[in-house]
Amino acid sequence: MTFRTSLRHALAGALLAGLGLSGLAPAIAQAAAPQVRTQAPGFYRMMLGDFEITALSDGTVPQHMDRELQGAAPGQVEALFAGAHQTLPVETSINAFLINTGKQLLLVDTGAGHAFGPHVANRLVSNLKAAGYRPDQVDAVLLTHVHADHSGGLTLDGQPVFPKARVYLDRRELDYWSSDEARERAPAQKKPWFAAGRASLAPYAEAGRLRTFSAPAALFAGVTALTAPGHTPGHSIYALESRGQKLVFWGDLVHAGEVQFPVPSITISYDSDGPAAARQRLAAFADASQKGYWVAAPHISFPGLGHVVTDGAAYRWLPAPYSLAVEAR
Ligand SMILES: [Zn+2]
């Protein structure tokens, strides 16, 4: 707006105000730009040695963490979120991670797909495309575990979303979700997870493209599966190493960073074995903070890439500093 037009608007406003018609002033002023209210495409890129890493957002879902987190003192969860300037329910990220090794395209977890309905999360494929890749380019999917927000994106309407990919998971994880006996033992609210998990894996199994391992296992050059049972019986994490750089894909070792970094003993209702999950979390925090490697986490605020440092007797998350310089560091 030039000085002259702003003066004209000011004079018009003053005239209308003088007439008691100030409410009409906006009609004379330039129309307001409509608010857009959509988020930026959800991908974030970094290099780890020779490997290109792309964090892909599947979106966020509202979570009543005050109800889901367990083992906290009364009011502790609410206080920790308030201290982080967040109100409940919090918007929890669902992140997946694409690794281009230069030879293969690997996807660690797949987001939820339609598991929560078509309009909740379900952004992974569009963000994969925004990031410059296509689902049919993915050579392998590495599952941390078979929960809907990690494996739900494998399959849509019975068809594989990644038509050329092999799907890797720990044998213990596949055995658990395939077991009718385990399903019978599971609490009522977790029983439907068995059918959902089996449906996600089915097209890959039928096509002979399901691969199981017994962690620890070297899967590809620079890619190792490690076992971290607790959240689920065959929960896996994946370590990536290239040119002296290391990144560990954590799966569900953390669901609420604002609470579990300061108090790692707090567990979540989704854990199969809460105390074991807490032990794995504490061991992972200690290892990551001592060794200083990168961490990629599905439920830490997107892109979920960063480092862990000690904070007194507890821990703190340091998100990756945003950078346009996508190069080895
Ligand atoms: Zn999970």
Side-chain angles (χ1 to χ4, degrees), residues 55-65 67-71 89-97 107-116 120-122 124 141-155 167-170 172-179 182-183 186-187 189-201 215 225-238 248-257 259-260 264 266-285 295-302 304:
L56 298 170
S57 175
D58 191 45
T60 62
V61 288
Q63 287 279 288
H64 285 278
M65 287 296 184
R67 300 176 199 162
E68 305 299 348
L69 292 171
Q70 298 176 338
V90 294
E91 285 292 320
T92 296
S93 287
I94 302 176
N95 310 322
F97 301 93
L107 179 63
V108 182
D109 289 337
T110 67
H114 284 196
F116 306 138
V120 180
N122 192 32
L124 183 115
V141 173
L142 313 183
L143 291 179
T144 59
H145 63 298
V146 181
H147 274 168
D149 51 328
H150 299 260
S151 57
L154 278 172
T155 297
V167 175
Y168 288 75
L169 78 168
D170 194 290
R172 287 159 283 200
E173 188 72 358
L174 181 62
D175 287 349
Y176 177 75
W177 296 104
S178 304
S179 164
R183 184 186 171 283
Q189 74 273 21
K190 293 184 179 177
K191 287 190 198 300
W193 299 1
F194 286 77
R198 293 174 192 182
S200 296
L201 297 172
L226 302 167
T227 186
H231 178 61
T232 59
H235 182 260
S236 302
I237 62 177
Y238 295 94
V248 179
F249 298 90
W250 263 3
D252 274 3
L253 290 177
V254 175
H255 290 82
V259 172
Q260 291 172 307
I266 293 178
T267 59
I268 196 158
S269 60
Y270 315 133
D271 292 332
S272 289
D273 179 343
R279 285 195 298 277
Q280 296 289 352
R281 177 163 41 259
L282 207 52
F285 286 2
V295 169
H299 300 310
I300 291 176
S301 191
F302 182 76

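Indexing begins at 1, ligand by ligand and atom by atom, following the structure's order.
Considering H150, H255, H299 as possible partners of H231, the one that fulfils the ring-ring contact (aromatic ring centres under 6.0 Å, His included) test is H255. A ring-ring contact (aromatic ring centres under 6.0 Å, His included) with H147 is found for one member of W193, F194, Y270 and no other, namely W193.
Defined by atom type and a distance below 3.5 Å, a donor-acceptor pair is missing between the side-chain atoms of T92 and Q63.
Here the shortest heavy-atom pairing between A278 and T267 reads CB-CG2, 3.9 Å. Heavy atoms only, all atoms of each residue included: S93 and F302 are closest at OG-N, 2.9 Å.
Annotation: ring pair (Phe, Tyr, Trp, His ring centres under 6.0 Å) contacts of F116 (sequence neighbours excluded): none.
Around the Zn ion (ligand 1), the protein contributes the following N, O or S atoms under 2.8 Å, ordered by chain and number: H145 NE2, H147 ND1, H231 NE2, D252 OD2.
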